[in-house]
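To start, the structure itself, in structure tokens.
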Amino acid sequence: MGALLEVSGLKVNFGHVEAVKGIDFSLTEGQITTLVGANGAGKSTTLLALSGLVRKAAGQVVFGGQNITRLPSHRIVHLGLSQVAEGRAMLTKLTVRENLELGAYHRRDTDAITSDFDHVLELFPRLRERLDGYAGNLSGGEQQMLAIGRAVMARPRILLLDEPSMGLAPLIVQEIFRIIKMLNDEGLTIFLVEQNVRQALKIAHQAYVIETGEIVLQGTGEELLDHPRVLEAYLGI
Ligand code: ATP
């Protein structure tokens with residue numbers, strides 16, 4: 001299987017701050033690829049650049065053979081890049097059901113939408129119990145589940161996840177990673193940005209480590225879990 005998404009020479013600047021300094025990486029169809037690094041390393045900026053939400057100073061993004069470098073973000077979403085934002089931005093004054101329906105707003109395949117809705121509720125039984133409650137009343141973990149569920153409702157070709165484990169209790173983190181793995185087992189290509197280096201490397205096929213805007217290591221998740229630099233800098237061993 002070839003690269004579904006290929007990024008080369010990506011640079012992003014904020015004023016005189018070089019947040020991302022010319023990075024290369026690719027996502028293979030059907031795999032989980034992770035970008036791990038510390039707070040402020042440039043992970044979120046990289047994701048926002050892929051989605052067209054921040055300006056790229058240089059570089060190229062090719063998705064499914066199409067150059068999407070200069071496309072506006074709504075076009076990129078329609079091509080099938082679906083981002084789950086950090087902080088789980090969602091419509092707190094809408095119900096869980098309405099949030100999930102919104103995920104599919106651009107789709108017209110009604111039957112498939114209904115089956116995806118049922119499938120999301122199978123993946124996240126907690127959401128089924130709270131379908132008609134306001135999203136704003138969910139716990140942090142449930143909100144993360146809803147954010148993922150909503151992105152899945154778009155039937156993306158690639159799911160982009162920005163620190164899904166952030167701020168969640170360890171048991172909930174396990175649950176979120178289990179579901180990410182399950183979505184991938186069903187064939188979904190996933191790009192996972194994480195500070196939780198151990199958990200991310202455990203489920204990732206391919207992994208990149210970013211430090212101050214540069215990729216400093218790459219390999220399979222398994223290789224990087226054993227890498228001395230990862231062990232020392234990120235796993236405290
Ligand atoms: P986090 O875990 O905090 O999300 P990160 O690895 O995603 O960290 P980024 O948020 O991508 O890091 O930030 C990379 C660098 O760019 C940091 O130095 C940050 O301060 C800077 N930065 C990010 N967003 C902006 C912005 N809107 N304006 C100015 N500087 C920014």
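Note that ligands are numbered from 1 as they come in the structure, with each ligand's atoms numbered from 1 the same way.
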[X] touching ligand 1 at heavy-atom level, < 4.0 angstrom:
X	value
M166	no
G37	no
G15	no

Only heavy atoms of [X], strictly under 4.0 Å: list the atoms of ligand 1 that pass.
X	value
Q195	2 (O)
A41	5 (P), 6 (O), 12 (O)
E163	1 (P), 2 (O), 4 (O)
K43	2 (O), 5 (P), 6 (O), 7 (O), 8 (O), 11 (O), 12 (O)

Decide whether an N or O pair under 3.5 Å exists between A19 and ligand 1. no
Any nitrogen or oxygen of F14, main chain or side chain, under 3.5 Å from a nitrogen or oxygen of ligand 1? no
Value rounded to 0.5 Å, distance of CZ in F191 from CG in L81: 10.5 Å
Approximate separation, where rounding is to 0.5 Å, of R75 CZ and R70 CZ: 14.5 Å
Name the option, out of [options], that contains the heavy atom nearest to [atom].
atom	options	answer
atom 3 (O) of ligand 1	V17, T212, N39	N39
atom 4 (O) of ligand 1	A38, G42, S44	S44
atom 9 (P) of ligand 1	I210, V193, V54, T45	T45

Indicate whether the side chain of T34 and that of E194 have a donor and an acceptor atom separated by less than 3.5 Å. no
Under 4.5 Å between any side-chain heavy atoms of L225 and V230, yes or no? no
Output yes when a side-chain donor or acceptor of Q143 lies under 3.5 Å from a complementary backbone atom of A135, and no otherwise. yes
Pairs meeting criterion side-chain hydrogen bond (donor to acceptor under 3.5 Å, both in side chains) with involvement of residues 228-237, two or more places apart: E211-R229, E211-Y234
Minimum heavy-atom distance L127-E142, with the two atoms named: CD2-O, 3.8 Å
In chain order, what residues pass the side-chain contact (heavy atoms from CB on, under 4.5 Å) check against T212, with sequence neighbours excluded? K21
